[in-house]
Amino acid sequence: MAEEVLLFSTWFSIYGRRVEMALKLKGIEYKFIEEDLTNKSPSLLKYNPVHKKVPVLVHNGKPVAESLVILEYIDETWKNHPILPKHPYERANTRFWAKFIDEKCWPAILQACWGKDQKEREKAAEELSKLLQFLENELKGKRFFGGETIGLLDIAGNTIGYWLGVFEEAAGVSELLTREKFPKLFNWVNEWLSVSAIKENLPPRDKHVAFMRLNGQGFWDDYNASK
Amino acid sequence: MAGKVVLLDFWPSLFGMRVRIALAEKGIKYESKEEDLSNKSPLLLEMNPIIKQIPVLIHNGKPVCESLIIVQYIDEVWNDKPPLLPSDPYQRAQARFWADFVDKKVYVASRKIWRPKGKEQEAGKKEFLETLKTMEGELGDKPYFGGETFGYVDLSLIPFYSWFYAYKVLDNINIEAECPKIIAWAKRCMQKEAVAKTFHDPKKVLEFVAQTRKKYVSRNH
């Protein structure tokens, strides 16, 4: 059967890049469709009528939305290079930390960068430090969250591995993830960046920083409006 | 799949109810420990040090946290019992998507009902009803979100039904008029023993919701 895989996303989408990392890791061929989020295509609206967001994976005409849902779908459909552990307890643990990154770390990063005043940003940075410490402890001396090779949590960890640094630079706030404060996480970032499925699927940094300088505040405002 | 199962819960919790329904569906015996969320037990803080919330499932001494993650864990471990999630990867993805929608949209909107009375609350009520209408659209003509049988999405949404009476009395939200299919679906779910036995006396829930929203409103507005 001819396989058709489409990915609707943008060059700067943190969630879309996760999907690309998983597809590349598993060697899945796909067609990338760049969306203009200010002028969403009829296809995107057809494939994700509920949220009208990217990324959307369309596999043989059938759409899947929400990055963590897409990652699990990819893992269940293409069984090479598994990204979830086999044991149910380890799987639950992976899912917990992926949710932690999205629901706790992400808003803290946005607020630390684009909170309304310095006091709010500093408070968020303090909170973010605590969250990073939890992740530091979770690494437990492993090379990757997934063990010897990258897994779903390493992919979802793109928030920490790359987006955090870009946002800090764009917002002009100080770097939190230093070797001194978080030696294991710092090491993980270096290992992570050396994986080709990761490093070949990051936005071009300068372009990304410039883009976030203009749009970062909007990201934080949008997040708040959704709560 | 033996082994000791303990559930840390708080009786009105919508999220705890999801886990109870899953445990009941699978016929799993467990010990229930009621938490006082204003005075969290050392056990809860030890088992869920990151989020410090219920529900927590403790299986052979090892904690699993976050209701939907717990339900998936239960489904994967007790896989000799009828599954809660579909077996086809695409159907599973749809089930996960819709349960996520319940968390990200239905639940978040339901909190907006707890705004002080006025334009903001009206907007919150409207948003909440819209999320239920979206769920109605997804349900279509199926008896359950899972199709012919009760499943993961049904389980993720049905606990909200336990708060509908409170929304009607306290906030004048007539869900039956606005989303009749949801009510019909909910009543169908309530015919299942696994669901019905997790529900409490609606008046007791009403009292709890009334008290909690007072605290919530005064803290946040």
Side-chain angles (χ1 to χ4, degrees), chain A residues 15 19 47-53 56-79 84-105 127 130-138 223-227, chain B residues 1 3 48-53 56-79 85-109 111-112 123-124 127 130-131 133-135 137-138 220:
Chain A
Y15 304 115
V19 178
Y47 288 129
N48 192 0
V50 174
H51 297 301
K52 306 178 175 53
K53 285 183 173 176
V56 183
L57 187 82
V58 182
H59 183 205
N60 295 331
K62 298 190 333 185
V64 185
E66 295 301 300
S67 70
L68 298 180
V69 175
I70 299 172
L71 291 180
E72 294 222 27
Y73 174 76
I74 288 173
D75 206 40
E76 289 175 10
T77 305
W78 290 278
K79 309 254 199 235
L84 271 151
K86 285 202 168 67
H87 193 282
Y89 190 77
E90 300 308 321
R91 292 160 73 83
N93 196 49
T94 298
R95 289 173 179 140
F96 174 87
W97 288 106
K99 190 174 184 196
F100 174 84
I101 287 172
D102 280 357
E103 294 190 4
K104 302 287 175 193
C105 298
E127 171 67 14
K130 289 191 191 133
L131 302 176
L132 291 177
Q133 189 59 51
F134 283 128
L135 286 170
E136 171 89 0
N137 298 343
E138 177 57 21
Y223 175 83
N224 275 323
S226 73
K227 290 289 151 224
Chain B
M1 304 301 152
N48 191 357
I50 318 282
I51 315 288
K52 305 181 174 61
Q53 279 289 15
V56 180
L57 191 82
I58 309 172
H59 184 207
N60 291 328
K62 294 185 355 175
V64 185
C65 308
E66 296 299 302
S67 66
L68 294 179
I69 294 175
I70 298 171
V71 170
Q72 289 182 81
Y73 174 79
I74 288 169
D75 205 35
E76 289 175 12
V77 172
W78 284 273
N79 57 6
L85 275 127
S87 50
D88 169 68
Y90 184 73
Q91 298 306 325
R92 288 164 76 82
Q94 297 313 302
R96 288 183 173 124
F97 174 88
W98 284 103
D100 177 70
F101 179 87
V102 174
D103 274 358
K104 287 210 180 90
K105 298 288 178 187
V106 181
Y107 175 68
V108 170
R111 297 297 247 191
K112 295 183 182 181
E127 192 179 318
E130 266 162 32
T131 66
K133 286 185 181 138
T134 303
M135 295 301 298
E138 171 55 19
N220 291 287

With only heavy atoms counted, which part of [X] is less than 4.5 Å from chain B, the side chain, the backbone, both or neither?
{"X": "A:Tyr89", "value": "both"}
{"X": "A:Arg91", "value": "side chain"}
{"X": "A:Lys99", "value": "side chain"}
{"X": "A:His87", "value": "neither"}
{"X": "A:Pro63", "value": "both"}

Is it the side chain or the backbone of [X] that comes within 4.5 Å of chain A heavy atoms, both, or neither?
{"X": "B:Pro49", "value": "backbone"}
{"X": "B:Arg92", "value": "side chain"}
{"X": "B:Glu138", "value": "neither"}

Evaluate the ring planes of [X] and [Y], with Trp represented by its six-membered ring, and classify them as parallel (under 30°), tilted (30 to 60°) or perpendicular (over 60°).
{"X": "B:His59", "Y": "B:Trp78", "result": "tilted"}
{"X": "A:Phe96", "Y": "A:Phe100", "result": "parallel"}
{"X": "A:His51", "Y": "B:Phe101", "result": "tilted"}

| query | side chain to side chain donor-acceptor pair (under 3.5 Å) with B:Asp75: which residues, sequence neighbours excluded? | reply | B:Lys26
| message | With a 4.0 Å cut-off on N to O distance, would you call A:Arg95 and A:Glu72 a salt bridge? | response | yes
| With a 4.0 Å cut-off, would you call B:Glu130 and B:Lys112 a salt bridge? | no
